[in-house]
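Comments concern the structure below.
Below, chains carry the letters A, B, ... as their sequence lines are ordered, and counting in each starts from 1. In what follows, every heavy atom counts, from backbone to side chain, and hydrogens, waters and symmetry copies are set aside.
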Amino acid sequence: MLLIPCPYCGERDEVEFRYGGAAHVSYPEDASAADDREWSRYVFYRPNPSGRFCERWVHQHGCRRWFNLVRDTTTHEIAGSYAIGQETSA
Amino acid sequence: MRRLADGGRLDRSTTLAVTWDGREIEAHPGDTLASALLAAGITEVARSTVHGRPRGIVSAGAEEPCAYVQVDAPRSEPLVAATLVEAVDGLVAAPLAGFGRLAGDDLERHDRRHHHCDVLVVGGGTAGAAEARRAAAAGLRVVWAERDTGPLPDLGDDALCLSRTTAVGSYDDNLVMLVERVSSTRRRMWQVRAGEVVLATGAHERPLVFAGNDLPGVMLAGAARTYLERFALVPERAVVFTTNDAGTETAEALRAAGAAVTLVDARAGHAVVAAEGEGRLRSVLVAPIATPADAERVECELLAVSGGFEPVLDLHRHRRGGVRWDAPRACFVPHGTVRNQRIVGTAMGDGLPTVAALWLVPGGEERHAYVDLQRDVTVTDLRRAVGAGLESIEHVKRYTLVGTGVDQGRTAKTNAAAIAAGLLGREIAEIGTSTTRPPVEPVSFAVLAGRARGPRFEPVRTTPIHAWHVNHGAVFEDVGQWKRPWYYPQPGEDMDAAVLRECAAARTGVAMMDASTLGKIDIQGPDSAEFLNRLYTNSYDTLRVGRCRYGLLCRADGMVFDDGVVTRVAEDRFFATTTTGGAAAVLDWMEEWLQTEWPELRVHLTSVTEQWQTVAVVGPRSRDLLSSAFGAIDFSNEAFPFMTFRDTTFHKRFPARVSRVSFSGELAYEVSVPSDAGRLLWLGLWKAGEPLGVTAYGTETMHVLRAEKGFVIVGQDTDGTVTPIDLGMDWIVSKTKPFVGRRSLTRPDTARPDRKQLVGLLPDDPSVRLDEGAQLVLDPEQAPPVTMIGHVTSSYRSAALGRTFALALVRSGRERLGEPVYSPGADGITAARVVEPVFYDAEGLRRDG
Amino acid sequence: MAESHPDLLWSSPEPRGSYDVVIVGGGGHGLFTAYYLAANHGITNVAVLERGWLGGGNAVRNTTVIRSNYLWDESAAIYEHSLKLWEGLAAELDYDILFDQRGVLNLAHNLGDAREGVRRVNANRLNGVDAEWLDADGVRAFCPVVNTDPGIRYPVLGATLQRRGGIARHDALVFAVARAAAGLGVHLIQGCEVTGIEVTDGAVRAVQTNRGRIAAGRVGLCAAGHSSVVAGLAGVELPIQSHPLQALVSELLEPVLGCVVMSNAVHVYVSQAHKGELVMGAGIDTYNSYAQRGSFHVIEHQMAAALELFPIFARAHVLRTWAGIVDVCPDASPIVGGTPVDDLFVNCGWGTGGFKATPGSGWVFAWTLAHGEPHELNRSFSLERFETGALIDEHGAAAVAH
Amino acid sequence: MTVEATLADRGHPRQLGLRVHPSSDAAGRVELLLGSRLPTEPNTVAGGVLWLGPDEWLIVDRELTETQLLGALAGEGAAVELSANRLALHVSGPGARDVLGSCCPLDLHPRVFGAGRCAQTLVAGVAVILERTGDGPGFRLLVRPSFAAHVRAWLIDAIEEPG
């Protein structure tokens, strides 16, 4: 079970959080202008790297805030967390 | 072996009644089942799984490969190591042949405890003790765990010192599971989150491989010494076969205790070539390693063997900690580090003796030379595996099953790797060793489940009105974690009769339902309307204050995901309801969009699902009921039109909201009050309704009533593959504003005209009810695979229609109105006709009462 | 148990500089693909490149549930094709893979489950897939150790039963198909990691490996949990996420459970293997991972749920827990077909349920690699479906599609 | 022997949910109304106001109404009447920490979770607001009513744990 550093509440057990997949995937500015390929990329495609990964979590059973986490998908080591809207800091 | 008159760590003043295989044997506090068996002269304690050979006690600890027994009392447990079973009064155990027996549920109390510390020290030996003391002295919060039974010293208030406790698994970020044997029957699992983990788990001994090495009487040398020093057990005649100094010391200790000992030292070029005996060890053949044929027979009852030592690194391995081969000590030692974990003492390899590198003694019969006693794997098996072309130790493991037993091959793996390396002509360091996995020692399902059994397994959510439902005979339906009244059978009624009665009451009189489980979300802020516009398929900026609007939510893929009613309470405040099952998901979904995509919107969301209890009052006489309950409100159509609400008070002190919404097509209202007044509200409305013959109804009736009107239930008439257009709900899908999922509706497949569409079905025989889930075909005579054009999503008997009817998703359904479809079932074919999905009051005349 | 395996499995040849077809990934899907390329299409100049050891991934980490009772026509067709292959596999491969059609129960615990179960049974039958709906009494009769007490938290309301479903011995299957492929001339190359994929003029030409460059007429990717990473070497994106899926095994026990039991609602799927151990799968861990391990709370919850349904298991011990890396698709259905790169094909996204599919998956993928276009059975399982929206969404049918 | 702790049901305390940016004018007006500062250190309590998030608080047992709060906010932020949304359970006694330790993953050591601390976490798998009460070893749990029976069952079970 991961120990996840919520940027607001500090380190808490994974069970308090919900996973949100890859970070930095924005909703298309104008969805209606996206062609089928572009739209499918937004809806169904997400980065899936082996190694360092910027991902989203929400402190579901804590402060209910979404945030980003940098975690290694091969070791589960967490490098740090940062707020939604910020660039990767870790 | 016999028990010495004194010595050992035993309480000889007490004799325990222990039953082995139906026979009473003697034991003292301090004994294990294994030591008691040895003291009683019992050497064969199990039969091997595959070859059916007699097996004895090999070790004095957790590395035991052979002595797995069934314990029947005081707590029945299959397949436990006799070396780990503490002797207690009333212990009943029996031999096994590798297969345990399950003796029913385990209702013993196994507790769970979460704990946090700065340092967790695993192991109560010298190195562990030093680490624990040092950490405690530094003022750190310490947990110190030792699997043996002796109490650990007290290290102060902030130290938790647990004996009889095994660390069974190490997980990410230093979460370590400890199992404490609280008593002979109870376990407590500690889940310890540690800043640092210190492994002082020591080492265990490894046997040597030679013909007949599985005979009862062949034991690890260190175990022989433990049985002597701790349990005061000594053999008459023993042979000690060693590759290292530890074995030599054991020989001296046995000799000092009065045994006749022959030392066979591989370092001096000698080996035991074979062990002999029928059912138990009688003698061994000793020969020079170089010339195994020159063997000499030595009689003995015990053969103590030491092939070397292996650091116990399971917890390190659970965390993918590395190991490397250490040639002088002939074992795998830690290599590299795991974050926030240290390994100390013999677990690091420190202090382990150098050994003569010997695994397989040449010259004996390989088919009787056991590499893995637990799985009956011999050298012959390894030779076959390598001969079959296998080069990876993992393949050898799967071909032979070496190392896959209850003991995870603790005493077998290194020998297997070394022998396989020899056969492949490679180095053991290249071959490596297969990894160990949690748990370190077997943990029962019941211990892992802990207290989450029976009534504590998962929450049962009920509303404050639940007791009333129970008292009025409701049958309940599970909806998510909620128990909702499904229907209220009266004496003599079956479900059909009850539902027909409840439906009739709602259509002709007045009926009430507990609707409190619907999700409720308070939405505040100046951008609330814009926020709702972006999520719902229809518009909310156009909703006037004081009015309600039905809304649909789609996922980004355009598929319907929830629905509900949105009420505009104030210019910048809305109140949205969700389905019962979707409540948490919808709030989460809204928060996700708000926080991650549109943080600029000034909107705040709060779950008020349990702040408010809601009662639906339905039927032509609902206005009468509510007029009597809420005299201050003018319930006339003109004063209180459809899709509006009125705030008032209930019992003079509780705020109450009456909304005029209808999920049945009838004149209907929903009344909400704070949940602490929910029961009072129900009782109050019930009382007001009694003169009107009010009837309570459940979810089934609610479903029938809405289906008669063609209203969908998300999750029943949809399955994640249905768009609003498929449901015929184009009227609620904005053409002018963007919303989540809208773009998906114009993809080639979602825009196809021949998608499955919601339609009504009327069975040709009005008494036949189609099965929900029935598949629909055009040609009932077609042979499989039959072309299916859709399926029945909802199907009921209708009191109002006096017949059965159904809703279905049918390919090009709206083009098939009036056409026949067939449902081939196990009991024959049912014919039905496709119709519009609105069966009752299509003109909407009943809505206003 | 070595006696149950043959004397010769395969040899380990040095890789050639070029093959007609190179398959990346030596698990069940890759090995079956190679075998059917040789057996059905006469294409034997084939190499299977495996980074570690054959079958070392999900092939030997899964719980070996085999069934074909999927909801949608496309799924039922491909899984039923696979099940039919299973039924002839021991004879075809001349190997005792312990395939045992002991029946698979999928339990229903609420009205929604029951509705979905009936729907699936009806669809299965019309698709020619054997299926029955059992009520609670029927479940009790078929599998007496299931707790059918109506008072438990999630009572058993009924179940679907596929009698032809069952289990097999996973490592025997790997040995069997690898031996058969090698026997037909396929090169099984272990310890061979693909580090690059050469694409020229929009077509694949070769793969780079730690053992040198290997030219290929066509390349088939069967890398399961590592599919995204391997496809990425050719610049191909996949709608795949890799997650841990944990499983566990008990000690050997006297026979107690005679069929496979699955419950999506409480995340239990369990069978008792031939040797006697209980084999049980847990729910998927939510986060992306290539670490082949998951979180303890998943196992903990799994045990509590298991004992709700099987109180008799309370005294059994967990001997080992482990995890595989499952490649999960948005619609819980696989991707088997072409990519934007010519002559590069992909077979992935089997998620939590790939083992049962391995023969069928290999069969259609071999056809696809041989013809350069999909077979009728895998035509719908294309990458394009994520653009057109023609998904094959098995989520509704089974939240955890084992 | 059982654990030395008691469980008490304390009904519905008055609760108001507050959302406001902590450095805004509106926050200042709310503080004026409250007569105390909003706690800005995460997971702390001040003057009956519990920190729930960087812009979220729960005001417990204060003589205030939603209308008053909305008035102070004047359109910036949000206020919601929540008195009926959660009810209070109190666990107290020397063994209170052990009782919660049986079903709550949070570190409740007094050095970490002493007086003035609160947290939103899981107890028996259910979301609760947990607050350290007074100087003694006691905790208040604010639980949604439909989950209260479940949480209560776990706590009572933990109290009954033999030594």
Open item on the list: Quick one, D:Glu81 and B:Gln611 - any side-chain contact, counting heavy atoms below 4.5 Å?
Closed with: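 Yes; the side chains approach each other to less than 4.5 Å.
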Open item on the list: Quick check: do D:Glu56 and B:Thr606 have side-chain heavy atoms less than 4.5 Å from each other?
Closed with: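 No - every pair of side-chain heavy atoms lies 4.5 Å or more apart.
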Open item on the list: So which residue, D:Gly75, D:Ala153, D:Ser102, ends up with the most heavy-atom pairs under 4.5 Å with chain B?
Closed with: D:Ser102
TODO: Just give me the residue among D:Ala149, D:Pro105, D:Gly11 that pairs up with chain B most often, heavy atom to heavy atom, under 4.5 Å.
DONE: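 Among D:Ala149, D:Pro105, D:Gly11, the one with the most close pairs to chain B is D:Pro105.
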TODO: Please test B:Glu610 against D:Arg86 for side-chain contact (heavy atoms from CB on, under 4.5 Å), starting from the C-alpha separation and ending with a verdict.
DONE: CA-CA 8 Å; B:Glu610 300 210 32; D:Arg86 292 189 183 87; over 6 Å; no
Task: Minimal non-hydrogen separation, D:Phe147 against B:Pro459, with atom names - done: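 Looking at all heavy atoms of both residues, the shortest contact is CD2-CB, 3.8 Å.
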- [ ] Indicate the atoms forming the closest heavy-atom contact of D:Ala84 with B:Pro674, along with that distance.
- [x]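 So the two residues come closest at CB-CB, 3.9 Å.
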Say you draw a straight line from [atom1] of [X] to [atom2] of [Y]; how long is it, rounded to the nearest 0.5 Å?
| X | Y | atom1 | atom2 | value |
| --- | --- | --- | --- | --- |
| D:Arg144 | B:Arg461 | CZ | CZ | 5.5 Å |
| D:Asp157 | B:Arg109 | CG | CZ | 4.0 Å |
| D:Cys103 | B:Arg112 | SG | CZ | 11.5 Å |
| B:Gln613 | D:Ser146 | CD | OG | 9.0 Å |
| B:His116 | D:Leu106 | NE2 | CG | 6.5 Å |

Does atom [atom1] ([X]) have a neighbourhood of more than 12 heavy atoms from anything else shown, all under 6.0 Å?
| X | atom1 | result |
| --- | --- | --- |
| D:His21 | NE2 | no |
| B:Arg679 | CZ | no |
| B:Asp157 | CG | no |
| D:Glu4 | CD | no |

Counting only heavy atoms closer than 4.5 Å, note whether [X] contacts chain D via side chain, backbone, both or neither.
| X | answer |
| --- | --- |
| B:Leu605 | backbone |
| B:Ala677 | neither |
| B:Thr609 | backbone |
| B:Val460 | backbone |

Between [X] and chain B, which part of the residue has a heavy atom less than 4.5 Å away: side chain, backbone, both or neither?
| X | result |
| --- | --- |
| D:Asp98 | both |
| D:Ala148 | neither |
| D:Val112 | side chain |
| D:Val126 | side chain |

Open item on the list: Using a 4.5 Å heavy-atom cutoff, which residues in residues 181-190 of chain B come close to chain D?
Closed with: B:Val182, B:Arg186, B:Arg188
Of the listed residues ([options]), which shares the most heavy-atom pairs with chain D below a 4.5 Å separation?
| options | value |
| --- | --- |
| B:Ala452, B:Ser516, B:Gly450, B:Pro455 | B:Ala452 |
| B:His466, B:Glu571, B:Gln191, B:Glu458 | B:Glu458 |
| B:Arg602, B:Arg451, B:Arg573, B:Arg141 | B:Arg141 |

Within the side chain of [X], is there an N or O that forms a donor-acceptor pair under 3.5 Å with the backbone of [Y]?
| X | Y | value |
| --- | --- | --- |
| B:Gln524 | D:Ala79 | yes |
| B:His604 | D:Ala78 | no |
| D:His109 | B:His115 | no |

TODO: Could you tell me whether D:Glu160 and B:Arg456 have a side-chain N and a carboxylate O separated by less than 4.0 Å?
DONE: no
Task: Salt bridge D:Arg19-B:Asp522, side-chain N to carboxylate O under 4.0 Å - done: no
Open item on the list: Tell me every residue that passes ring-ring contact (aromatic ring centres under 6.0 Å, His included) with B:Tyr171, counting only those two or more places apart in sequence or in another chain.
Closed with: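 By the ring-ring contact (aromatic ring centres under 6.0 Å, His included) rule, B:Tyr171 matches C:Phe296.
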Task: side-chain contact (heavy atoms from CB on, under 4.5 Å) evaluation trace for B:Lys520 with D:Asn85 - done: CA-CA 11 Å; B:Lys520 307 172 196 78; D:Asn85 203 43; over 6 Å; no
